[in-house]
Amino acid sequence: MTKIFLPDIEATQQLGITLGETLNAGSVILLEGDLGAGKTTLVQGIGKGLGIIDSIVSPTFTLINEYTEGRIPLYHLDLYRLEPQEVTGLNLESYWEGIEVTPGIVAIEWAERMPYLPDSYLKVCLKYGENGDRQAEIITVNCELY
């Protein structure tokens, strides 16, 4: 596990930019953390790192936003409003397996609601610090961070 101190929003976004610049198509990022912990901010940074110029917003109501104009596509999913049994019907594996979509980076907010996981992924847990800062805990499962 890698722990990264994030003193402000800019640091959270910079972590995302670094991920967007370095991760390859097929990468899956599972995001966990309380409301307001910085999950969407991190995904906005990933988008910048991929060269996406569209505004990246949380797909809380649409469930999935697809951004295809960057270096590789970014698929941003938000499972906040779903129960695990509802997630099963979404066939999320089609995104990380590149079935019916161009392979890209898949970033999933509220990933703890997933009843199944991909074979390899980065798990990023964002936590509040004591002084308004954040901490990212990154766990790699069957993949390399860079």
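This one's a predicted model, so the numbers in the text were calculated from it and none came from an experiment. Note that the numbering runs from 1 along the sequence shown for the chain.
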**Complete:** Rounding to 0.5 Å, atoms CD1 (I46) and OG1 (T18) come to a distance of 10.5 Å
**Request:** Identify which one of E109, E66, K39, Q44 satisfies the side chain to side chain contact (heavy atoms under 4.5 Å, CB included) criterion when paired with H76.
**Result:** E109
**Asked** Are more than 12 heavy atoms from other residues, nucleotides or ligands located less than 6.0 Å from atom CD1 of I53?
**Response** no
**Message:** Take a 6.0 Å sphere around OH of Y80 and say whether it holds more than 12 heavy atoms from other residues, nucleotides or ligands.
**Reply:** no
**Prompt:** Y116, V106: one ILVMFWY side-chain cluster at the under-4.5 Å cut-off?
**Reply:** yes
**Prompt:** How far does CG of L117 sit from CD of E112, to the nearest 0.5 angstrom?
**Reply:** 11.0 Å
**Item:** Side-chain donor or acceptor of Y128 paired with backbone N/O of G36 under 3.5 Å
**Value:** yes
**Item:** Interatomic spacing from CG in L122 to CG in N142 - rounded to 0.5 Å
**Value:** 11.5 Å
**Message:** Would you compute the distance between atom CZ of R113 and atom CG of L77 and round it to the nearest 0.5 angstrom?
**Reply:** 14.0 Å
**Asked** Once you round to the nearest 0.5 Å, how far does CD1 of I105 lie from CG of L74?
**Response** 6.5 Å
**Message:** Would you say that N65 contacts I56 through its side chain, given a criterion of any heavy-atom pair below 4.5 Å between the two side chains?
**Reply:** no
**Message:** Looking at Q85, I'd like to know if its CD atom is crowded, meaning that more than 12 non-hydrogen atoms belonging to other residues, nucleotides or ligands lie closer than 6.0 Å.
**Reply:** yes
**Request:** Decide yes or no for T102 and T68: does some side-chain heavy atom of the first lie under 4.5 Å from some side-chain heavy atom of the second?
**Result:** no
**Pairwise side-chain contact, I108 with W96, heavy-atom cut-off 4.5 Å (strictly under)** = yes
**I29 vs L23 side-chain heavy atoms within contact, under 4.5 Å** = yes
**Request:** Measure the shortest side-chain to side-chain distance between I64 and P59 over non-hydrogen atoms and say whether it is less than 4.5 angstrom.
**Result:** no
**Message:** Tell me whether D119 at atom CG has more than 12 heavy atoms from other residues, nucleotides or ligands lying less than 6.0 Å away.
**Reply:** no
**Test item: R71 side-chain N/O and G51 main-chain N/O as donor-acceptor pair under 3.5 Å** = no
**Item:** Pairwise distance CD(Q13) to OG1(T40) - rounded to 0.5 angstrom
**Value:** 11.5 Å
**Prompt:** Which pair of non-hydrogen atoms, one from P73 and one from P103, has the smallest distance, and what is that distance?
**Reply:** CD-O, 3.3 Å
**Request:** Mark yes when over 12 heavy atoms from residues, nucleotides or ligands other than I9 sit less than 6.0 Å from its CD1; otherwise mark no.
**Result:** no
**Minimum side-chain heavy-atom gap V141-K123 below 4.5 Å** = no
**Asked** Do L90 and L82 come close enough that some side-chain heavy atom pair is under 4.5 Å?
**Response** yes
